[in-house]
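Hydrogens, waters and symmetry mates play no part in the numbers below; they use all other heavy atoms, side chains included. Order of listing sets the numbers, starting from 1, for every ligand and every atom in it.
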Amino acid sequence: MVPLAERYRDRLPLTGATPIVSLGEGATPLLPAPRLSERIGVEVWLKWEGANPTGSFKDRGMTVAVSKALEEGARAVVCASTGNTAASAAAYAARAGIPAVILQPAGAVALGKVAQARAVGARLLEVRGSFEEALAAARELARRGTHALVNSLNPHRLEGQKTAAFEIVEELGAAPDVLALPYGGGGNTRAYSVGFEEAGAGVPRIQAGEAAGRAATVATAIRIAEPAHRAEAEEAVARSGGAVVSLMDEEILAAWRELAGLEGVFCEPASAAGVAAIAKLPPERGARVVCVVTGHGLKDPEAAARLAEAPVSVAAELDAIAEAAA
Ligand code: F0G
């Protein structure tokens, strides 16, 4: 497969001297969602970003950020993360042959993400504090010059992430009427807005689903009290004619169940916030809507264990099995 950085080279901040660090990111499926479409009364498409190499959209930005960090001579990378940025940074750093330092809020990161970062040998620090405190520390380490920051405050991250909008326009032949996605720190909202602008096909109305609880939500990926990109993200949403939609945990989980049960798409809870946003504030009938499903369900197996039907224990006897299967 052609790495995203090669495919969109002319629209990314890359030079002939940039060593491309790739794990095969991008070119993710855009899935029609007929049953969700019928339920909500709009034409729903799912941009399935869980299909990226580490299971989230972060890989689009990380390939560019780590490639540029190498080009600029960085000897290590650092990020603060609710888990997906961590898993991605850790994997791309391993691929590049440099160490990754991860600062994560203690006790607030889903199991699968921690496993990913550990498996590839990242140095994982569990900060006894909030995501904001971890991010402040990561920025300071980067300022001291020992580590390259690969949070979305690194502009190369958003450059990579904007390519998802290019893929959507290429595949649909036009921008959709509405783009719906989860809103945590706001970097991805901003990246899509830039991407659609650069694709030259017009910017869809952006419906950004945020957790009403922000600092306390079941959607751990977006457990962020103070979005680092709030100003640009909310400006982009307003300019698009869209809205920030504030979601209760039950609304996010209802969308999570529908994505899985109606369409077979198993994502982590935060990733259902785009679908939840259109279920709560439905666009006009028949509108074409792309919902970005940002991360894979295997990231957060404990959520599935808590929220979905438990397995049934049965004796290894055909009669008992047939009865239980009915
Ligand atoms: N969906 C998932 C699965 C995420 O991991 C994140 C952010 C978002 C949505 C929100 O994107 O911050 O650009 O608005 N995760 C970050 C992390 C904070 O550390 O992995 P955003």
Side-chain angles (χ1 to χ4, degrees), residues 47-52 54-62 65 78-91 100 102-105 108-110 112-114 116-117 122 124 127 130-132 134-135 138 149-155 157-158 160-162 164 179-195 206-211 214-215 217-234 236-237 244 247 252 255-256 259 265-277 291-300 303:
K47 184 63 171 161
W48 178 219
E49 292 289 278
N52 276 298
T54 76
S56 86
F57 71 99
K58 306 287 180 178
D59 296 341
R60 291 180 182 277
M62 208 56 74
V78 65
C79 69
S81 178
T82 58
N84 280 321
T85 296
S88 186
I102 309 293
L103 308 184
Q104 64 181 38
V109 176
K113 305 171 187 180
V114 177
Q116 287 180 286
L124 215 56
V127 179
S130 66
F131 171 77
E132 283 69 24
L135 181 58
L149 185 72
V150 294
N151 275 100
S152 64
L153 294 164
N154 175 332
R157 278 276 313 279
L158 300 193
Q161 286 173 212
K162 76 184 178 187
L179 180 90
L181 81 174
Y183 170 22
N188 209 33
T189 300
R190 168 80 182 141
Y192 270 93
S193 161
V194 169
I206 300 174
Q207 283 191 202
E210 70 174 355
R214 276 215 169 262
T217 168
V218 62
T220 54
I222 54 173
R223 196 175 281 173
I224 293 175
E226 271 311 313
H229 298 273
R230 187 194 290 272
E232 317 101 87
E234 296 192 4
V237 168
V244 173
L247 301 163
I252 295 174
W256 177 84
L259 268 165
V265 172
F266 172 37
C267 64
E268 64 169 295
S271 299
V275 170
C291 296
V292 185
V293 185
T294 47
H296 205 287
L298 292 173
K299 297 274 192 179
D300 193 351

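- Each of the atoms 2 (C), 3 (C), 4 (C), 5 (O), 20 (O) of ligand 1 lies under 4.0 Å from some heavy atom of Asn84.
- Polar contact with ligand 1: absent for Gln161 (N/O pair, distance under 3.5 Å).
- When only interatomic distances are considered, the shortest N/O to N/O separation between Thr294 and ligand 1 falls below 3.5 Å.
- For Arg190 (side chain) and Ala236 (main-chain N/O), no donor-acceptor pair under 3.5 Å exists by modelled atom type.
- For the pair Arg230 and Tyr183, the cation does not sit on the ring face, since its NZ or CZ is not both under 6.0 Å from the ring centre and inside 45° of the axis.
- At least one donor-acceptor pair under 3.5 Å links the side chain of Trp256 to the backbone N or O of Cys267.
- Counting heavy atoms under 4.0 Å from ligand 1, residue Lys58 touches it through the side chain alone.
- Using a distance-only test at 3.5 Å, with no hydrogens or angles considered, a donor-acceptor pair links the side chain of Arg214 to the main chain of Gly184.
- Although no hydrogens or angles enter the test, the distance criterion places a donor-acceptor pair under 3.5 Å between the side chain of Lys299 and the main chain of Thr54.
- The Ser81 neighbourhood of ligand 1 comprises atoms 17 (C), 19 (O), 20 (O), with distances under 4.0 Å to a heavy atom of that residue.
- Ligand 1 has no N or O atom lying under 3.5 Å from any N or O atom of Thr189, backbone or side chain.
- When atom types are taken as modelled, the side chain of Ser56 and the backbone of Gly295 share no donor-acceptor pair closer than 3.5 angstrom.
- A donor-acceptor pair under 3.5 Å is absent between the side-chain atoms of Glu226 and the main chain of Glu132, judged by distance alone.
- Using a 4.0 Å cut-off to heavy atoms of Pro182, the atoms of ligand 1 that qualify are 9 (C).
- For ligand 1, the atoms lying closer than 4.0 Å to a non-hydrogen atom of Ile224 are 18 (C).
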* Asked: Between Glu232 and Thr189, is a side-chain contact (heavy atoms from CB on, under 4.5 Å) present by the stated rule, with each step listed?
  -> CA-CA 9 Å; Glu232 317 101 87; Thr189 300; over 6 Å; no

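- Contacts with ligand 1 closer than 4.0 Å are made by no heavy atom of Leu181, backbone or side chain.
- Atoms of ligand 1 found under 4.0 Å from any heavy atom of Ile222, numbered from 1 in the order shown, are 8 (C), 9 (C), 10 (C).
- Judged by the shortest distance from any of its heavy atoms, Ser271 lies inside the 4.0 Å radius around the atoms of ligand 1.
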